[in-house]
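Please read the structure below before turning to the comments.
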Amino acid sequence: MENQNKSVLFGLYNDEEVLMSAIQQANEKHLDIMEVFTPFPVHGVDELLGFKESRLHIVGFIFGAIGCSFAFLFMTWVFTADWPIIFGGKPYFSAPAFIPITFELTVLFASIAMVVTFYAICGLWPGKVNPTLDDRITDDKFCIAFDANAHSEEELNAIKLFFSETNAEEVHTKDI
Amino acid sequence: MSSVVSPIRQPLVNGGKTYHQITEDICSPTERMPSTQWFIAFAVSIAFLGVFAFSVFWTVYWGIGSWNLNRTIGWSWDITNFVWWVGIGHAGTLISAILLLFRQKWRTGVNRAAEAMTIFAVICAGQYPLLHVGRIWLVFFIFPYPNTRGPLWVNFNSPLLWDVFAISTYLTVSLLFWYTGLVPDFATLRDRSKGIRRRIYNGLSFGWTGSAKHWQRWEALSLILAGLATPLVLSVHTIVSFDFATSVIPGWHTTIFPPYFVAGAIFSGFAMVQTLMIITRKVLKLQDYITLEHIESMNKVILVTGTIVGVAYLTELFNAWDSGYIYEQFAFYNRVLGPFYWSYIGMMTCNVLSPQIFWWKKMRRNIFVTFIMSLFVNVGMWFERFVIIATTLARDYLPSSWSYYTPTWVEIGLFVGTLGLFFTLFLLFTRVAPVVAIAEVKSILKTSGDQYSHEEH
């Protein structure tokens with residue numbers, strides 16, 4: 001949706017189950033769906049649209065590992081090399097006492113990295129204005145959108161026919 | 001696509017709602033003028049916030065000598081309040097993270113407000129250690145940054161420093177988790193409004209569109225954050241208990257502290273959720289979303305955790321007797337029958353005896369009883385921390401340094417002041433954000449709405 005002056009042909013559905021069967025039919029007819037918008041996460045849509053499983057957890061793992069090793073190695077360096085002090089007769093390298101902070105920083109690094117990555121790959125940030133097709137999509141309408149520029153007149157008619165066959169409540173074209 | 005739901009499950013959304021009605025019911029409180037009740041509550045909260053500001057000014061200006069701490073009782077109301085607030089915060093994370101992992105659908109009605117409560121409670125908790133350091137303008141010394149004093153590092157072996165990391169991580173992760181849940185709901189508010197309001201909510205919603213791919217990632221993110229927040233919340237109160245358990249004070253130096261503190265935290269947190277939810281659902285007319293079913297579920301958690309806490313109290317007494325160590329035995333004798341015996345009675349009555357009323361289903365589903373009980377538990381859990389902290393320090397190894405402790409007006413002012421801070425933040429939250437997670441409630445409507453569950457039997 002980054003391009004300027006994009007023409008979008010979209011249909012609105014009233015129910016997620018109608019939406020699901022519509023996506024199934026679109027797949028059977030090999031229609032090229034651009035986007036699906038829903039007011040809440042509908043399970044199964046991702047499979048129908050052929051989305052791969054999100055890889056956010058890999059980001060979480062990498063940054064968790066970085067946070068974990070950073071915290072542990074830093075405390076080790078401070079207490080064995082940079083400024084060794086004996087606390088309560090314990091050895092300089094008192095690994096068990098480093099565990100709580102190591103754990104906290106693991107969680108902190110993983111969480112912050114995943115959240116930042118999530119907003120970055122979704123193209124969402126404070127002040128970002130994404131064109132909305134219809135205000136009711138965040139309320140109670142389920143939307144299937146097609147890129148109207150990428151289709152010929154004939155194909156667009158086929159898509160409109162598909163919308164009426166799958167009981168779309170409304171069909172609109174919008175330039176965004 | 002409907003998942004299997006047991007017919008004995010009660011509906012979680014009442015009133016035969018449609019998706020649009022859910023949006024309407026939850027968004028509208030933020031769109032109309034606040035009610036008179038809200039203004040009165042806000043005025044009272046602001047007044048208490050003023051008391052807080054004045055007490056903080058007094059403490060910072062005159063130093064913590066304005067508190068009644070003395071040579072042996074170096075910790076008292078301040079740390080009691082700190083632990084009390086942190087404990088209250090735990091219910092929010094428990095509801096949103098642990099119940100998400102356990103796929104408990106009833107969390108959707110209360111998780112948003114409970115998480116908000118977590119964040120505000122942790123903010124209140126943070127005030128006490130910050131003020132107790134005395135010279136608050138030097139508080140940045142607790143962070144291990146390269147400095148010109150050596151560099152002189154902080155003591156990574158100290159549980160007080162672990163606490164700094166635990167509480168700040170907890171606050172950060174809770175904020176991220178809460179805000180990520182809010183983003184789609186801010187988009188719903190945005191799409192209902194015009195002009196400046198629309199621009200503000202667009203900023204807050206980060207330009208959320210509701211694209212299927214975004215939802216898929218959003219769910220993945222929520223699940224992993226819940227997976228991280230679950231051990232985190234357990235670690236936070238474990239580390240808070242380490243503040244005591246790693247010391248060599250009789251009565252504190254016990255291995256039972258971490259699980260006992262975590263159970264107590266969940267117990268007090270759920271009580272505060274009940275207090276807030278019972279008022280919120282009534283004032284904002286959300287009884288169809290925060291149903292008796294939710295209240296009953298939370299009362300069950302209160303019963304279980306209250307009983308765990310009770311078992312911990314008795315285990316402590318048994319272990320002290322069984323240890324054969326006179327200082328340990330004296331510490332517990334003193335806890336029960338010493339000069340602060342009244343706080344022990346308060347703790348036992350409010351935390352162990354009174355929740356037993358929830359064995360009766362009728363009581364679990366009675367709103368008035370639940371509300372009174374939630375206040376009892378809040379009071380009882382405050383007494384618990386006071387019992388652990390003040391009674392132990394007032395009678396240490398050396399009888400010549402024994403003393404008694406009563407708070408000054410500054411300490412009382414700080415405590416009621418944080419209540420003002422907490423309720424001011426919560427009341428503002430109910431004005432600007434949806435107090436029930438709109439998208440999540442919609443996603444359970446088909447399996448837990450009352451009009452759908454009636455069809456099955």
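No hydrogens, no waters, no symmetry mates; every other heavy atom, side chains included, goes into these values.
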So which part of [X] gets closer than 4.5 Å to some heavy atom of chain A, the side chain, the backbone, both or neither?
X	value
B:Val441	neither
B:Thr172	side chain
B:Pro159	neither
B:Arg199	neither
B:Val248	neither
B:Leu228	both
B:Asp185	neither

Are side-chain N/O atoms of [X] and [Y] paired as donor and acceptor at under 3.5 Å?
X	Y	value
A:Glu35	B:Ser211	yes
B:Thr180	A:Tyr119	yes
A:Glu16	A:Thr38	no
B:Thr209	A:Asn130	no

Top contributor to chain A contacts, counting heavy-atom pairs under 4.5 Å, from [options]:
options	answer
B:Ile224, B:Thr23, B:Asn155, B:Leu225	B:Asn155
B:Ile22, B:Leu161, B:Leu176, B:Val164	B:Leu176
B:Ala229, B:Pro184, B:Pro151, B:Cys27	B:Pro151
B:Ile239, B:Leu232, B:Thr238	B:Leu232
B:Ala220, B:Ser158, B:Gly207	B:Gly207
B:Val173, B:Leu221, B:Thr246, B:Leu223	B:Leu221

Side chain, backbone, both or neither of [X] within contact of chain B (heavy atoms, under 4.5 Å):
X	result
A:Ile85	neither
A:Leu56	both
A:Asp46	side chain
A:Val36	both
A:Leu49	side chain

Task: Most contacts with chain B, counted as non-hydrogen pairs under 4.5 angstrom, among A:Leu105, A:Ile137, A:Val45, A:Ile121 - done: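 Of A:Leu105, A:Ile137, A:Val45, A:Ile121, A:Ile121 has the most heavy-atom pairs under 4.5 Å with chain B.
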Open item on the list: Which residue in the set B:Arg198, B:Arg192, B:Lys194 passes salt bridge (Lys or Arg N to Asp or Glu O under 4.0 Å) when paired with B:Glu31?
Closed with: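 Only match with B:Glu31 under salt bridge (Lys or Arg N to Asp or Glu O under 4.0 Å): B:Arg192.
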Please work out which of the three classes, parallel, tilted or perpendicular, describes the rings of [Y] and [X], given edges at 30° and 60°.
X	Y	result
A:Phe163	A:Phe146	perpendicular
A:Phe40	A:Phe142	perpendicular
B:Trp153	A:Phe74	perpendicular
B:Tyr179	B:Phe186	tilted
A:Phe93	A:Phe98	perpendicular

Open item on the list: Measuring from atom CG of A:Asn14 to atom CD of A:Glu170, what distance do you get when rounded to the nearest 0.5 angstrom?
Closed with: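 The distance works out to 8.0 Å.
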Task: Straight-line distance of B:His20 NE2 to A:Arg136 CZ, nearest 0.5 Å - done: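 CZ of A:Arg136 is found 10.0 Å from NE2 of B:His20.
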